[in-house]
**Student:** 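Here you go, one structure.
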Amino acid sequence: MRILAVIPAYNEEECIEQTVTNLVTTCPEVDYLIVNDGSTDNTEKICRTQNLNHVTLSVNSGLACGFQTGMKYAERHGYDAVVQFDADGQHLPEYILPMAEALQDEHANIVIASRALVGEGPTGARGAGSKLISALIRLTSGTRLTDPTSGMRMYDREMITQFAHAFDLTPEPDTIALMARKGAKVVEVPAHMQERQGGTSYLDLPNVIRYMSRTCFSILMFQWFR
């Protein structure tokens, strides 16, 4: 199986080099592509000077656009699977191969690295929102997920094609719910994650509330028209 790690990056100068170093050291058989999403810091300079495999978007376009860029690259280069991999060092590369095994062995379309299966996961408002999203996904698709907001997900070739060409798919829980409702098989593997290794997360409390509200509303309402 040829696997590509797509690494969306926006202003990740503090940790992008170490993230890639950990990835290629732990999983030398996994290729990677950094999608520099219009960063205004030294992310682009680091990618060029360290000869990191990357493409750069001229303006900040958001996660959905950056991830689709990676999916288009994966499709054009004939990859069998893509793993969504954070640039900030939270995701641990040692779980990529177990995810690939689950993708193959369970004939899955999407594999999610679940923090909940190892007794971790978001707490507070994020934790409550995650549980609500899990309930809504189960209600609308019949799929049981323990960690729907995990950003470490692996997609098979069928999903690569869909993400590469659709205009309304984002690497978010509402899309997972939509794919599951349409027959995609989604499974989880247990995985630890660590704290962001540098930079600042945009998910402060107001943004968490907006994100969770938008996601829940999309699962309940918008997906039925897609």
**Student:** Looking at every non-hydrogen atom in both residues, tell me the closest pair between A9 and S39 and how far apart they are.
**Tutor:** O-OG, 3.5 Å

**Student:** Please say yes or no: joined through hydrophobic side-chain contacts below 4.5 Å, possibly via intermediate residues, are L220 and M212 part of one cluster?
**Tutor:** yes

**Student:** If you draw a 6.0 Å radius around CD in E17, do more than 12 non-hydrogen atoms from other residues or ligands fall strictly inside?
**Tutor:** no

**Student:** A side-chain contact here means heavy atoms from C-beta on lying under 4.5 Å apart; do L4 and V83 qualify?
**Tutor:** no

**Student:** Any chance you could measure H54, atom NE2, to T43, atom OG1, to the nearest 0.5 Å?
**Tutor:** 10.0 Å

**Student:** Would S150 and M193 count as a side-chain contact (heavy atoms from CB on, under 4.5 Å) if you check the C-alpha gap in whole Å, the side-chain angles of each, and the deciding distance to 0.1 Å?
**Tutor:** CA-CA 10 Å; S150 168; M193 294 184 190; 3.2 Å; yes

**Student:** Apply side-chain contact (heavy atoms from CB on, under 4.5 Å) to residues I96 and M154 and explain how you reach the verdict.
**Tutor:** CA-CA 8 Å; I96 293 178; M154 182 173 285; 3.9 Å; yes

**Student:** Using modelled atom types and a 3.5 Å cut-off, is there a donor and acceptor pairing between side-chain atoms of S61 and backbone atoms of V59?
**Tutor:** yes

**Student:** Taking the side chain as everything from C-beta on, heavy atoms only, tell me whether N36 gets closer than 4.5 Å to V55.
**Tutor:** no

**Student:** Does F67 share a hydrophobic cluster with I176, counting links as ILVMFWY side-chain heavy atoms below 4.5 Å and allowing steps through other members?
**Tutor:** yes

**Student:** Is the distance between the ring centroids of F85 and Y32 under 6.0 Å?
**Tutor:** no

**Student:** Distance-only, no hydrogens or angles: does the T175 side chain make a donor-acceptor pair with backbone N or O of P171 under 3.5 Å?
**Tutor:** no

**Student:** Do D86 and M152 make a side-chain contact, defined as non-hydrogen atoms from C-beta onward lying under 4.5 Å apart?
**Tutor:** no

**Student:** How are the rings of Y73 and Y79 set to each other: parallel, tilted or perpendicular (split at 30° and 60°)?
**Tutor:** parallel

**Student:** Mark yes or no for whether S114, through its side chain, and P190, through its backbone, hold a donor-acceptor pair below 3.5 Å.
**Tutor:** no

**Student:** Can you name the closest pair of heavy atoms from V118 and A191 and give their distance?
**Tutor:** CG2-O, 3.3 Å

**Student:** Any side-chain to backbone donor/acceptor pair from N60 onto D37? Under 3.5 Å, distance only.
**Tutor:** yes

**Student:** Does a sphere of radius 6.0 Å around NZ in K131 hold more than 12 heavy atoms from other residues, nucleotides or ligands, not counting ones at 6.0 Å or beyond?
**Tutor:** no

**Student:** Checking E188 against T146 for the side-chain hydrogen bond (donor to acceptor under 3.5 Å, both in side chains) test, could you report, in this order, the C-alpha distance in whole Å, the side-chain angles of both residues, the deciding distance, and whether it holds?
**Tutor:** CA-CA 8 Å; E188 295 179 307; T146 64; 2.9 Å; yes

**Student:** Going by the side chain to side chain contact (heavy atoms under 4.5 Å, CB included) test, name the single residue among I46, L52, N53 that passes it with V20.
**Tutor:** L52

**Student:** Looking at every non-hydrogen atom in both residues, tell me the closest pair between N22 and P93 and how far apart they are.
**Tutor:** O-CG, 3.6 Å

**Student:** Starting from the C-alpha separation in whole Å, work towards a yes-or-no answer on side-chain contact (heavy atoms from CB on, under 4.5 Å) for T140 and L178.
**Tutor:** CA-CA 9 Å; T140 57; L178 175 66; over 6 Å; no

**Student:** Kindly work out whether a path of hydrophobic side-chain contacts (I/L/V/M/F/W/Y, heavy atoms less than 4.5 Å apart) joins V30 to I34.
**Tutor:** yes

**Student:** Hey, are the side chains of S130 and P148 touching, using non-hydrogen atoms and a 4.5 Å cut-off?
**Tutor:** yes

**Student:** Taking T40's backbone N and O only, do any of them form a donor-acceptor pair with N11's side chain (distance below 3.5 Å, no angle check)?
**Tutor:** yes

**Student:** Measure the NZ-CG distance between K185 and L103 for me, rounded to the nearest 0.5 Å.
**Tutor:** 10.5 Å

**Student:** CG of L117 to NE2 of H192: how many Å apart, nearest 0.5 Å?
**Tutor:** 10.5 Å

**Student:** As an exercise, state the distance from CD1 of I133 to SG of C216, rounded to the nearest 0.5 Å.
**Tutor:** 4.5 Å

**Student:** To the nearest 0.5 Å, how far apart are CZ in R214 and CD1 in I219?
**Tutor:** 11.5 Å

**Student:** Would you say T19's side chain and C15's backbone share a donor-acceptor pair under 3.5 angstrom?
**Tutor:** yes

**Student:** Given side-chain contact (heavy atoms from CB on, under 4.5 Å), test M71 with Y155 step by step and report yes or no.
**Tutor:** CA-CA 10 Å; M71 287 300 215; Y155 303 85; 3.8 Å; yes

**Student:** Of all the heavy-atom pairs spanning A64 and T170, show the shortest one and how long it is.
**Tutor:** CB-CG2, 3.5 Å

**Student:** Exactly one of D156, T161, I160 should register a side chain to side chain contact (heavy atoms under 4.5 Å, CB included) with E158. Which one does?
**Tutor:** D156

**Student:** Same cluster or not: are L97 and V6 linked, directly or through other Ile, Leu, Val, Met, Phe, Trp or Tyr residues, by side-chain heavy atoms under 4.5 angstrom apart?
**Tutor:** no

**Student:** Check whether any side-chain heavy atom of R157 lies under 4.5 Å from a side-chain heavy atom of E75, and answer yes or no.
**Tutor:** no

**Student:** Taking all heavy atoms of M99 and all of V111, pick out the closest pair and write down the distance.
**Tutor:** CE-O, 3.3 Å

**Student:** What pairs of residues pass the salt bridge (Lys or Arg N to Asp or Glu O under 4.0 Å) test when at least one of them lies in residues 142-153, not counting sequence neighbours?
**Tutor:** R115-D147

**Student:** Do M179 and N109 come close enough that some side-chain heavy atom pair is under 4.5 Å?
**Tutor:** no

**Student:** Over all heavy atoms of both residues, which pair between H91 and Q84 is shortest? Give the atoms and the distance, please.
**Tutor:** ND1-O, 3.8 Å

**Student:** Rounded to the nearest 0.5 Å, how far apart are CZ of R48 and NZ of K45?
**Tutor:** 8.0 Å

**Student:** Could you go step by step and tell me if Y211 and E172 meet the side-chain hydrogen bond (donor to acceptor under 3.5 Å, both in side chains) rule?
**Tutor:** CA-CA 10 Å; Y211 170 82; E172 298 289 1; 2.7 Å; yes

**Student:** Hey, quick one: are L92 and V24 part of the same hydrophobic cluster, counting side-chain heavy atoms closer than 4.5 Å, chains of contacts allowed?
**Tutor:** yes

**Student:** Side chains of H165 and Q68, heavy atoms from C-beta outward: is any pair under 4.5 Å?
**Tutor:** no

**Student:** Please examine the side chains of L23 and I7, heavy atoms only from C-beta on, and report whether any two atoms are closer than 4.5 Å.
**Tutor:** yes

